[in-house]
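Scroll down for the structure; my scribbles are underneath it.
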Amino acid sequence: MDKKNVGLLLWDFTDVQDSKNEWMEQCFRYCNSLIVVIPEDDVYRRAFASEPKLCFDVKKQYLLGQKGIKEVLPIPFRCTETNLFQKFYEVYPFQVFFYGTDYGQDFLCEKKELEKLGVTFVSLIPLGAKLSSDNNSFRYMMNNLMPDIKIVLFGTGKYFDIYMEQYGSDFQPEYAVDNNQKLWGTKKSGICIESPDTLKKENVVRTIVILCCKDYGGMKEQLLSMGAFDYRILQRNENMSFLHEYITAMRAEGRYLEEAHRNLRLLLHEIDRVCKEHNLNYYLIGGSLIGVLRHQDFIPWDDDLDISMTRQDYEYLRKHADEIWKDSDFRLVEPDKLGGNAFSDLFPRILYKKEYVCSKTYVKVKGKADDEIMNKYVIDIFLLDHASDHIWKHKLVTLLMKAVYGLLMGHRAYVDYDTFDRLSSRGIFAVKMLVKIGKRIPAKCLFFAYEHLSRYAQKEEGKYYFESSGNINYMPLLHRRAMFGEGKRMKMGDLMVSVPFKPEESLISKGYRNFMNFPPVADQKPEHTGRNKGVLW
């Protein structure tokens with residue numbers, strides 16, 4: 001075997017002794033020197049919301065002191081480039097690429113492009129080793145799948161058993177396929193076993209196949225002959241595979257956000273056009289407004305749009321929406337017209353019908369509301385209703401509105417009580433009782449009551465608005481009417497958009513303080529898709 005000059009190794013360790021691992025020694029059988037790529041500290045903060053056990057600088061200095069290490073490069077926490085390794089090659093040409101797992105379609109693309117440059121791929125996958133239950137990189141990958149991804153297992157032998165034992169309860173497969181015809185139509189561990197040809201009916205974009213086999217090469221070839229499926233294997237070199245999976249996850253997130261921002265711009269351009277044409281006011285608020293002030297664009301990791309409108313302007317839009325958007329790609333979806341008497345939230349939404357997105361927007365009514373509203377890009381509209389200057393009156397009415405909201409939750413497809421973890425046991429009991437009672441009251445009656453309460457101060461010329469359709473916890477907050485006015489125009493990317501006349505004050509009135517500062521890295525992720533638990537601005 002002729003040794004190459006330089007190899008590229010993605011490697012990580014939590015103890016300096018790990019860096020002397022036999023895998024490192026194996027690399028020098030193939031090359032004379034190594035470029036070692038290790039993660040920035042923010043990679044751990046982003047992936048695990050925790051600090052690394054060894055910081056980047058310590059690992060770098062240690063590695064550079066070892067014989068044969070030519071350079072140490074960082075993996076940035078926001079590594080969305082599809083040509084990351086080609087960029088490394090341009091600076092430090094390498095002839096060997098070491099990998100610690102086969103990470104699916106990204107791996108195939110990487111291999112194709114680097115082999116054009118004459119790079120040889122060498123596996124450091126621990127073949128034959130016992131699969132560890134601490135397979136953190138595999139679990140990380142599964143946690144970062146879009147929620148609409150269908151999981152299928154290929155093979156029903158030992159590796160199937162390992163998958164079901166370690167991951168089956170958290171990531172239950174849709175079904176399994178096997179080449180043994182005698183198994184077709186049977187079940188194992190409660191999972192139906194089908195012919196591999198069943199995969200030909202699946203959408204390759206929304207399916208991942210786990211190759212449950214030690215020698216998976218033939219199985220992989222068979223799978224790819226049926227379509228460009230993404231896939232994974234269980235065998236992993238943990239010192240390497242997390243880095244592969246992290247880069248792959250960040251690339252997928254980058255593609256998603258690029259598409260989300262493109263489609264949200266279409267929505268924003270449309271509402272801006274309609275409002276200018278009909279002399280209506282709208283205002284960007286919340287995270288969308290922070291994006292304008294801090295980034296002059298979207299917050300890079302934000303994936304939704306929030307606007308507010310006065311009750312008067314919204315009523316005009318509601319009255320003429322069918323006419324305005326007749327035979328177009330847009331639609332106004334009112335909270336009481338989701339289909340199936342379903343209740344999700346109190347936001348009216350402008351929906352872009354043309355593009356599919358795996359979204360949690362209407363997940364609370366999935367299976368109950370009309371399918372045509374599911375998984376679409378939307379703009380949330382927060383209605384600004386008049387609030388009374390008599391604080392006691394406002395508190396009383398908004399308390400009643402919260403009670404009606406609780407009753408309306410009885411018309412969801414399901415209620416996740418874990419979202420009320422801040423409430424006391426008595427509070428959660430009260431919510432459960434409201435949901436139980438609300439199921440027996442027609443939804444249209446409850447919507448009527450809520451809207452009637454929302455307009456309680458409509459004839460009062462007070463100083464304040466309140467967001468009657470907003471998040472129920474923040475709905476009682478008061479906002480000075482003077483800070484909205486006719487608004488003003490500001491730049492958001494290549495668009496000019498409308499914001500409150502006093503945008504900073506409007507953010508502070510909703511509790512957004514220090515909004516020009518960035519949140520922790522762990523919170524810089526999209527909120528409305530995947531298994532993410534929210535986003536901070």
Tell me, do [X] and [Y] make a side-chain contact under 4.5 Å, heavy atoms counted?
X: S195; Y: Q181; value: no
X: F484; Y: S308; value: yes
X: S468; Y: M401; value: yes
X: Q172; Y: I191; value: yes

May I ask you to say whether [X] pairs ionically with [Y], meaning some side-chain N is under 4.0 Å from a carboxylate O?
X: D297; Y: R265; result: yes
X: R251; Y: E81; result: no
X: K188; Y: D161; result: yes
X: E355; Y: R262; result: no
X: K444; Y: D336; result: no
X: K326; Y: D322; result: no
X: K337; Y: D370; result: no
X: E40; Y: R78; result: no
X: E277; Y: R273; result: yes
X: R412; Y: D345; result: yes
X: E315; Y: K319; result: no
X: E467; Y: K510; result: yes
X: D106; Y: K111; result: no

Nearest 0.5 angstrom please: [X] [atom1] to [Y] [atom2], how far?
X: M250; Y: I247; atom1: CE; atom2: CD1; result: 10.5 Å
X: I373; Y: K366; atom1: CD1; atom2: NZ; result: 12.5 Å
X: L183; Y: D178; atom1: CG; atom2: CG; result: 5.0 Å

Using a 6.0 Å distance limit plus a 45 degree cone around the ring axis, check whether [X] lies over the aromatic ring of [Y].
X: K432; Y: Y417; value: yes
X: R236; Y: F242; value: no
X: R206; Y: Y356; value: yes

Are there more than 12 heavy atoms of other residues, nucleotides or ligands under 6.0 Å from atom [atom1] of [X]?
X: F448; atom1: CZ; answer: no
X: E258; atom1: CD; answer: no
X: K353; atom1: NZ; answer: yes
X: H269; atom1: NE2; answer: no
X: N517; atom1: CG; answer: yes
X: D371; atom1: CG; answer: no
X: K436; atom1: NZ; answer: no
X: Q312; atom1: CD; answer: no

* **Shortest non-hydrogen separation from I125 to D102 and the atoms involved** => CD1-N, 3.9 Å
* Looking only at non-hydrogen atoms, find the nearest pair between R318 and E451 and report the distance. => NH2-OE2, 3.1 Å
* To do: For residues F343 and Y405, establish whether the separation of their ring centroids is below 6.0 Å.
  => yes
* To do: Answer yes if the ring centres of H479 and Y465 are under 6.0 angstrom apart, and no otherwise.
  => no
* To do: Just do the side-chain hydrogen bond (donor to acceptor under 3.5 Å, both in side chains) check on S288 and D306 with the steps written out, would you?
  => CA-CA 6 Å; S288 302; D306 296 327; 4.9 Å; no
Is it the case that [X] and [Y] place a side-chain donor and acceptor less than 3.5 Å from each other?
X: K220; Y: Y231; value: yes
X: D313; Y: Y282; value: no
X: Y99; Y: H244; value: no
X: T101; Y: Q235; value: no

